[in-house]
Amino acid sequence: MTAEPVNVKWPEPRTTRVPLGLMSDPAIHALEQQKIFQGETWHYLCLEAEIPEPGVYKTTAIGATPIVVTRDEQGQIHALINRCKHKGALVCVEPCGKVKTLRCLYHGWSYDLSGKLRFVPFEKGVQNKGGMPETFDKSAHGLTALRTTCLHGVVFGTHSATVAELADYLGPAMLAHFKRIFHKPVEILGYYHQVMHNNWKLYMENARDSYHATILHAFYATFKLNRLTMGGGLTVDHEGWNTMNYSIGASLADGEYEGSGLRSVMADVGLADASLLHNRQEFADGITVAIQSIFPGCVNQQIYNTLALRQAVPLDVDRTELHWTFFGYRDDDAELRQMRLKQANLIGPAGYVSMEDGVIGEYVQRGIAGEGQSANAMLEMGGSDIASVTDSRANETTVRGFWQAYRSLMGL
Amino acid sequence: MTAEPVNVKWPEPRTTRVPLGLMSDPAIHALEQQKIFQGETWHYLCLEAEIPEPGVYKTTAIGATPIVVTRDEQGQIHALINRCKHKGALVCVEPCGKVKTLRCLYHGWSYDLSGKLRFVPFEKGVQNKGGMPETFDKSAHGLTALRTTCLHGVVFGTHSATVAELADYLGPAMLAHFKRIFHKPVEILGYYHQVMHNNWKLYMENARDSYHATILHAFYATFKLNRLTMGGGLTVDHEGWNTMNYSIGASLADGEYEGSGLRSVMADVGLADASLLHNRQEFADGITVAIQSIFPGCVNQQIYNTLALRQAVPLDVDRTELHWTFFGYRDDDAELRQMRLKQANLIGPAGYVSMEDGVIGEYVQRGIAGEGQSANAMLEMGGSDIASVTDSRANETTVRGFWQAYRSLMGL
Amino acid sequence: MTAEPVNVKWPEPRTTRVPLGLMSDPAIHALEQQKIFQGETWHYLCLEAEIPEPGVYKTTAIGATPIVVTRDEQGQIHALINRCKHKGALVCVEPCGKVKTLRCLYHGWSYDLSGKLRFVPFEKGVQNKGGMPETFDKSAHGLTALRTTCLHGVVFGTHSATVAELADYLGPAMLAHFKRIFHKPVEILGYYHQVMHNNWKLYMENARDSYHATILHAFYATFKLNRLTMGGGLTVDHEGWNTMNYSIGASLADGEYEGSGLRSVMADVGLADASLLHNRQEFADGITVAIQSIFPGCVNQQIYNTLALRQAVPLDVDRTELHWTFFGYRDDDAELRQMRLKQANLIGPAGYVSMEDGVIGEYVQRGIAGEGQSANAMLEMGGSDIASVTDSRANETTVRGFWQAYRSLMGL
Amino acid sequence: MNDDHTGLELERRVMALHRRYIRVIDDDRLEEWPGLFSEDGLYKIVTRENYSQNLPLALMSCEGRGMMQDRVTGFRRINVYESQRYSHQGSGLEILRADDRVVECISNYLVVRTMIHGAMSIFSAGVYQDQILLDAHADKFLERIVIPDSRQIDTLLVIPL
Amino acid sequence: MNDDHTGLELERRVMALHRRYIRVIDDDRLEEWPGLFSEDGLYKIVTRENYSQNLPLALMSCEGRGMMQDRVTGFRRINVYESQRYSHQGSGLEILRADDRVVECISNYLVVRTMIHGAMSIFSAGVYQDQILLDAHADKFLERIVIPDSRQIDTLLVIPL
Amino acid sequence: MNDDHTGLELERRVMALHRRYIRVIDDDRLEEWPGLFSEDGLYKIVTRENYSQNLPLALMSCEGRGMMQDRVTGFRRINVYESQRYSHQGSGLEILRADDRVVECISNYLVVRTMIHGAMSIFSAGVYQDQILLDAHADKFLERIVIPDSRQIDTLLVIPL
Ligand code: FES
Ligand code: FES
Ligand code: FES
Ligand SMILES: [Fe+3]
Ligand SMILES: [Fe+3]
Ligand SMILES: [Fe+3]
């Protein structure tokens with residue numbers, strides 16, 4: 001709550017440069033709570049499928065703020081700040097559960113599933129002595145409810161009363177892809193939780209970054225699961241706030257990788273059991289890998305038949321927890337379900353094609369240690385534009401988009 | 001030592017609201033060292049019984065400042081800042097011990113048991129070369145002695161030369177209760193040390209809070225050890241700085257709890273071995289539970305036959321260590337001593353009626369995460385007064401008293 | 001990168017007083033990166049013997065800044081900031097290794113061994129789409145190279161273009177001693193790494209402090225390995241920036257210790273196996289113990305036949321890592337080599353005469369907790385001068401020298 | 001000094017009881033925990049700080065299975081705490097004394113506590129001092145004194161160590 | 001309830017296999033790891049969070065030695081991570097079921113991970129649920145399900161637990 | 001590959017010596033520690049960093065019981081440090097080689113260090129590489145090489161690992 005001065009200066013009006021100090025400055029970190037997480041942004045909270053019936057709740061966070069998502073008796077979904085109006089205690093402590101009432105453990109104040117304060121122990125005192133004053137009005141002390149929306153079964157929330165509706169916030173292209181994934185009821189297959197020793201922005205940048213994917217993740221290129229020479233593109237929406245990297249199907253041996261000397265192409269490495277790579281084309285558009293990023297902290301992932309939502313939660317200026325929710329569709333046949341589960345070896349903290357992302361942000365965090373106000377990242381691949389690209393993914397336009405959104409919200 | 005700006009604004013002149021940001025602001029935390037812990041306050045240090053003879057010392061802390069309490073050859077007790085005058089090293093490192101002299105390990109500067117500097121190795125140099133200058137005066141470099149007082153065998157200290165004598169600081173009612181507990185020589189039965197992941201003020205509030213006791217601690221209400229419907233009251237002294245919650249004897253089945261739907265009343269739960277609850281009425285006034293809080297960090301506890309002093313030491317803005325010193329009287333008969341030891345199952349970090357206090361402050365600390373300067377605790381139970389109450393404990397007057405003392409010292 | 005205000009005031013123009021708050025203030029700690037570690041100072045990096053051939057590298061740090069030291073194909077040594085020019089990732093992650101090229105794992109930017117950027121994957125895009133702009137000039141984006149020098153096989157680096165040459169920075173006396181140790185090729189015998197819970201300056205002070213050596217380290221005095229009554233002296237160079245404590249040969253029973261009551265002299269303690277103390281006089285000058293400190297963070301140690309370079313790296317305001325590189329000479333005979341290895345029991349984190357230094361700084365750090373801006377260390381042993389002393393080591397002149405250098409760089 | 005056959009057999013039985021104890025707690029079958037003790041068995045947790053100063057205060061003390069069952073009731077029904085699990089390790093068993101009926105032994109334990117949100121920590125390390133009643137049907141603890149090396153408890157202690 | 005001779009022999013064999021498993025991983029001989037499983041053996045890591053909710057998602061799942069060898073290939077050749085070592089501890093073995101051919105058992109594990117620069121941490125603690133194929137020549141895992149107590153993985157998981 | 005009776009007996013003797021070692025250190029009976037070694041036994045602590053690069057530097061090296069006794073003297077009389085205790089865990093024993101006289105083995109250790117004020121930490125984890133002299137009277141270490149996985153020591157090392 002102490003307002004420390006912020007001294008970051010962006011070196012140019014474009015976002016081809018990004019001050020590295022943004023990743024380690026505690027004052028920036030504090031300001032982000034207000035400007036980014038409690039600002040004009042939408043945040044992924046959970047899937048409707050996780051709170052399938054009245055009374056089932058799930059706790060999560062928007063930035064540092066604890067959130068509980070509930071479904072009330074009418075089936076209505078509510079996202080509430082998980083902070084008792086009496087003295088601030090967490091009301092729901094566990095990750096999920098089923099209750100009739102949201103009862104704070106400390107003094108028993110009880111809220112209904114929509115957050116309305118319903119019961120205050122000893123409100124009228126004991127034998128009419130003590131208790132709350134006559135003027136106390138329970139209806140003024142409900143849990144703070146966020147603006148909430150469910151888009152194709154996915155629950156989002158925002159502190160803002162003014163930000164555009166989620167569908168507009170996403171933009172038409174992002175909305176279309178979102179619908180592509182969530183076009184039918186999903187089934188939760190499980191969770192991963194990964195603690196990374198880097199600023200949350202380094203992870204979100206990474207998720208948008210088509211440039212690193214086939215270089216850092218040698219598994220991709222070696223097994224031709226994803227190469228920049230494959231068909232694919234970068235889609236930018238809402239002025240770069242939300243973006244997608246995708247690649248399309250069948251890969252070929254191609255000179256730009258084979259002869260490249262890239263570490264990530266290993267001609268002599270093979271799989272003893274290639275069944276891991278068996279996959280089924282689920283979508284008519286032939287897109288096999290699609291990583292959609294929704295500003296600030298949500299990733300909607302399709303990697304072959306693995307489908308997952310990822311949520312990056314900052315724990316500290318240099319520590320981030322990534323929550324993965326892995327899902328399939330309720331009507332999956334047994335073979336497809338098994339395929340998803342087997343391909344799960346590709347993703348998550350132990351994933352052949354994603355484990356490196358758990359440490360690469362830390363390498364940046366450690367690399368920029370000691371840096372003052374002078375060093376910047378350089379994002380010039382593909383120029384300086386922030387715009388969709390269909391002919392090449394050797395382009396950092398999606399990353400530039402992230403920083404454009406960030407700057408405008410932070411006023412930097 | 002860097003003076004960061006403090007931005008907390010109290011929303012009203014009364015203390016029915018408390019800014020939640022006070023619990024997590026590092027600048028507030030730093031300022032408290034000066035204004036609270038080194039300010040116009042008295043601090044519990046140890047029991048005389050712990051330093052029964054000359055040369056026995058005990059180390060403790062006032063806020064962050066390391067303290068050593070000694071007894072000199074004349075039997076006089078001294079509380080000294082445990083910081084060598086040469087270069088600042090701890091002089092006494094262990095929790096307790098017996099020594100002839102307080103010798104700093106680093107360069108051997110040695111102080112007598114009253115803190116006077118007696119020996120400086122090589123003061124005159126080696127073969128008269130080097131050593132301290134002629135002008136060096138050992139008498140000017142003794143350990144800093146605190147103002148110290150022993151009240152009925154309990155040692156307190158203060159940095160302040162101006163704060164009122166301890167008896168006056170306590171106030172007449174608090175002094176009387178203090179004397180009630182420490183009316184005869186005590187015997188130390190043992191210690192607990194508990195690390196809590198919350199700001200120290202959340203613990204001190206909790207100890208004064210009669211409202212939570214029978215709701216959070218289900219053991220109390222279920223086994224009728226303490227209910228707000230029992231006789232009892234809240235005593236406020238020194239304008240709320242020091243307070244006591246107490247309840248009186250025999251409980252009855254009573255509608256306000258049985259029909260209340262409170263989680264804490266469990267008709268179907270019984271003890272397999274009720275001998276745990278066997279207790280002896282030790283005090284003529286019939287008070288069975290009495291929790292006295294002495295501003296800022298001391299709690300003097302009677303819960304049935306368990307007697308303990310508790311000291312809250314802030315480790316960081318969100319971490320606190322609670323030291324429990326459990327005692328009986330030197331003239332206890334064997335049965336009473338056994339009772340105290342068996343009832344110890346009720347208290348401490350594993351106590352049936354106190355373990356929840358080890359985590360409830362953490363729930364608040366986590367609940368208020370992400371909060372800026374807007375949210376407040378609401379302390380309106382029993383109105384807005386800070387005054388003793390004898391007819392009801394459904395009242396937060398004692399907690400309001402804590403914040404009144406805090407505000408006036410912090411200048412907020 | 002946030003500039004917090006620094007509130008430390010030095011109480012006098014001399015350095016017989018040192019504000020204890022310098023050891024715990026985060027703003028001071030941040031400022032030191034710029035003024036001390038990236039300022040007008042030289043830093044020990046490694047031994048040439050550790051990077052004996054082209055392509056072998058070693059990573060280290062100057063303050064918080066990650067550094068990699070390489071040897072190129074021409075045998076030339078380079079010290080580079082280990083931070084990729086693309087987005088800031090560590091380029092070399094492991095402590096040491098052998099490579100052809102310095103390749104950043106993230107996007108594969110590859111630098112040659114002198115730090116020049118040689119390869120940017122997809123620089124020209126994929127099928128000529130995307131890629132870096134026409135204007136992109138690899139020659140402008142090499143790793144930042146430090147000014148580097150090798151002095152008698154020891155590699156130093158500095159951020160500064162203006163600081164004097166290392167030989168001049170050391171001063172004539174320090175240079176002579178440096179040459180005395182590194183007069184012939186060395187052989188690395190191994191490493192220690194020790195984490196201490198104190199500010200780095202407390203360690204560097206300690207290494208210069210002849211006063212504590214024979215008092216804290218009882219092994220020294222008890223076994224007459226080092227006593228202030230032995231011949232020896234303190235050498236101060238470059239106005240106190242660089243200093244040395246040394247003692248000369250054969251010790252005698254002497255009254256100033258035996259009758260002193262010092263804890264560190266234990267007449268009744270003997271070694272069961274005195275072979276530990278067998279040593280060989282290697283140097284004509286008869287100096288048996290010589291501790292040379294090079295401002296800010298390097299120690300060059302001879303304790304009998306143990307030779308080591310120590311480097312103190314601040315991890316946080318109250319945590320420091322000490323790296324020890326233990327060496328002998330390439331032409332050591334087998335007996336001497338064994339002597340060095342056996343005497344290694346004297347030094348390092350488990351060393352009979354040095355283990356105390358691993359905790360004594362922590363005792364100071366804990367001793368000064370709670371301190372605001374008033375308390376100071378007092379460094380009056382031997383007066384207030386900063387000058388060489390040949391007739392007595394009961395003198396803190398070398399420590400005063402450290403603080404003189406510190407003040408002048410910090411502008412305090 | 002090397003153990004003979006009887007010693008070996010005793011060790012085996014002691015270790016088997018120790019392993020059952022671990023499984024009962026770590027597999028969340030705390031209801032079976034009192035049954036590992038004799039009817040009037042003693043379970044106590046006394047920190048090294050108190051133990052070494054002969055101070056009698058215990059963190060938990062259960063005299064007999066009834067008091068142990070009450071701790072189970074506290075854990076399951078009464079007390080409030082964040083969901084958590086223990087994972088025990090044990091080593092360093094020494095048989096101090098043994099006759100036909102009773103074995104006295106000491107061993108090291110380590111408890112890693114994991115909270116529902118994932119945080120792991122060394123919650124406690126120290127020694128078990130046991131008196132074990134030998135019974136062909138089922139060996140049982142007459143007494144298990146837990147002596148944690150640390151004087152501190154983090155947050156709270158609700159599951160027996 | 002005290003074990004008879006056969007139980008003792010089984011325990012010994014199970015413990016021997018468990019110890020071999022530890023050495024193969026902690027001594028950086030991961031190439032030998034698949035050989036501790038039967039040809040079509042199953043190795044899976046499923047967090048307690050997923051396991052207790054019957055969610056099938058695994059962190060790693062290897063159906064057969066081929067997939068295990070591929071994990072070794074990932075570790076040695078493909079994946080990028082900071083150099084690190086594991087140090088395992090094991091305790092609390094219980095034999096749940098056994099016949100002439102197969103033993104089913106549960107035990108605790110603890111993995112301390114140490115990074116090349118020296119940082120140590122409790123990386124994982126939990127249980128092994130094993131199906132072991134008894135074979136006079138060499139006992140092997142038919143199945144090892146690793147159930148970490150914590151839902152979190154710090155940084156990444158590249159070496160099998 | 002499954003051990004025969006002799007192997008079993010060897011394991012038992014090695015484990016018994018390992019357990020005695022733990023008790024001597026963790027129960028603060030360090031004076032008995034040199035007696036677990038042969039008269040000219042070797043005790044050395046060499047970090048994995050040095051060991052794997054063939055660098056000979058040890059943190060502690062005691063050639064013979066005399067040097068071990070001197071470490072005890074250092075601990076009891078000479079050196080200054082904050083009061084602390086170790087708690088050892090051991091697992092993963094493998095017998096590498098054995099004849100009638102000497103057993104060579106490797107095993108994992110874990111040391112949790114607890115400071116007098118209560119702070120606990122993983123102080124060291126790694127392997128013991130032992131040469132054990134078989135003696136009907138009392139088995140002894142000919143050699144114990146401790147190889148910590150971590151290159152770092154926190155604060156200082158005064159009690160042998
Ligand atoms: S804090 Fe929630 S009821 Fe008091
Ligand atoms: S710091 Fe105490 S004698 Fe020097
Ligand atoms: S950060 Fe190094 S190549 Fe991108
Ligand atoms: Fe990636
Ligand atoms: Fe309470
Ligand atoms: Fe020293």
Side-chain angles (χ1 to χ4, degrees), chain C residues 95-96 187-198 216-223 263-264 266 268-276 306 308 321-328 337-338 340-345 347-363 366, chain F residues 31 34 39-84 115-117 119 121-124 146 148 150-161:
Chain C
C96 56
E187 181 200 358
I188 308 295
L189 296 173
Y191 302 95
Y192 299 136
H193 307 270
Q194 186 174 9
V195 176
M196 298 177 300
H197 298 261
N198 56 260
L216 175 63
H217 307 307
F219 198 94
Y220 261 141
T222 298
F223 298 113
R263 175 203 162 275
S264 58
M266 300 175 175
D268 62 329
V269 174
L271 288 182
D273 183 344
S275 69
L276 173 64
T306 69
E321 184 164 7
L322 187 65
H323 301 278
W324 305 65
T325 303
F326 188 97
F327 59 90
R337 194 171 190 269
Q338 257 333 102
R340 297 197 203 284
L341 290 170
K342 197 169 200 176
Q343 288 175 35
N345 279 295
I347 67 157
Y352 282 119
V353 300
S354 72
M355 74 167 72
E356 288 90 358
D357 293 328
V359 77
I360 198 70
E362 178 183 332
Y363 288 174
R366 284 157 57 181
Chain F
E31 283 70 13
E39 188 57 44
D40 58 352
L42 177 68
Y43 175 79
K44 260 214 289 208
I45 308 176
V46 184
T47 60
R48 176 64 60 181
E49 181 187 52
N50 288 340
Y51 189 87
S52 66
Q53 294 180 79
N54 284 313
L55 295 170
L57 183 67
L59 279 155
M60 278 192 188
S61 67
C62 300
E63 298 160 17
R65 279 191 198 157
M67 288 189 77
M68 295 180 210
Q69 281 158 25
D70 292 335
R71 280 286 175 185
V72 179
T73 305
F75 174 67
R76 293 286 187 219
R77 302 289 315 277
I78 301 174
N79 289 119
V80 168
Y81 49 86
E82 191 168 12
S83 292
Q84 57 192 265
M115 307 307 285
I116 187 88
H117 291 95
S121 63
I122 300 176
F123 182 60
S124 189
V146 188
S150 175
R151 66 184 215 172
Q152 292 177 327
I153 292 293
D154 183 276
T155 306
L156 59 79
L157 170 70
V158 64
I159 307 173
L161 292 172

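In what follows, chains carry the letters A, B, and so on, assigned in the order in which the sequence lines appear, proteins first and then strands, with residues in each chain numbered from 1. Note that the structure is predicted; figures quoted are calculated from it, not measured. Every heavy atom of this structure was used, including side-chain atoms; hydrogens, water molecules and symmetry mates were not.
Using a 4.5 Å cut-off between heavy atoms, Gln343(C) does not touch chain F at all. Neither the backbone nor the side chain of His217(C) comes within contact range of chain F, judged by heavy atoms closer than 4.5 Å. For Glu321(C), the part lying near chain F is the side chain, with the backbone staying farther off; criterion is any non-hydrogen pair under 4.5 Å. For a residue to count as touching a neighbouring chain, one of its non-hydrogen atoms must lie under 4.5 Å from one of that chain's; by this rule Glu362(C) touches chain F with the side chain only.
Heavy-atom pairs under 4.5 Å with chain F were tallied for Val359(C), Leu189(C), Leu276(C); the largest tally goes to Leu189(C). Listed options Tyr192(C), Phe219(C), Phe326(C) were ranked by heavy-atom pairs under 4.5 angstrom with chain F; first place goes to Tyr192(C). Among Ile360(C), Leu216(C), Ile188(C), Leu271(C), the residue making the largest number of heavy-atom pairs under 4.5 Å with chain F is Leu271(C). Chain C forms more heavy-atom pairs under 4.5 Å with one residue of Ala58(F), Ser150(F), Gly64(F), Pro56(F) than with any other, namely Pro56(F). Heavy-atom pairs under 4.5 Å with chain C were tallied for Glu49(F), Arg151(F), Gln53(F); the largest tally goes to Arg151(F). Chain F forms the most heavy-atom pairs under 4.5 Å with one residue out of His197(C), Met355(C), Arg337(C), and that residue is Met355(C).
Within the model, atoms CG of Asp273(C) and SG of Cys62(F) stand 9.5 Å from one another, a figure rounded to the nearest 0.5 Å. Tyr352(C) OH to Ile78(F) CD1: the interatomic distance, rounded to the nearest 0.5 Å, is 7.0 Å. The OG atom of Ser61(F) lies 7.5 Å from the CG atom of Leu341(C); values are rounded to the nearest 0.5 Å. Considering CG of Asp154(F) and NE2 of His193(C), their distance stands at 14.5 Å, rounded to 0.5 Å.
A side-chain donor-acceptor contact under 3.5 Å links Tyr363(C) to the backbone of Glu82(F). The main-chain N or O of Gln194(C) is never found under 3.5 Å from a side-chain atom of Gln152(F) such that the two would form a donor-acceptor pair.
With contacts defined as side-chain heavy-atom distances shorter than 4.5 Å, the pair Pro349(C)/Leu59(F) qualifies.
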Carefully, step by step, assess Asn79(F) and Glu356(C) under the rule side-chain contact (heavy atoms from CB on, under 4.5 Å).
CA-CA 7 Å; Asn79(F) 289 119; Glu356(C) 288 90 358; 2.8 Å; yes
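Within residues 66-76 of chain F, the residues having any heavy atom less than 4.5 Å from a heavy atom of chain C are, in residue-number order, Gly66(F), Met67(F), Gln69(F), Asp70(F), Arg71(F), Thr73(F), Gly74(F).
A salt bridge links Arg77(F) with Asp268(C): the closest approach of a Lys/Arg side-chain nitrogen to an acidic carboxylate oxygen falls below 4.0 angstrom.
When the shell of 6.0 Å around OH of Tyr191(C) is examined, it contains more than 12 heavy atoms from other residues, nucleotides or ligands.
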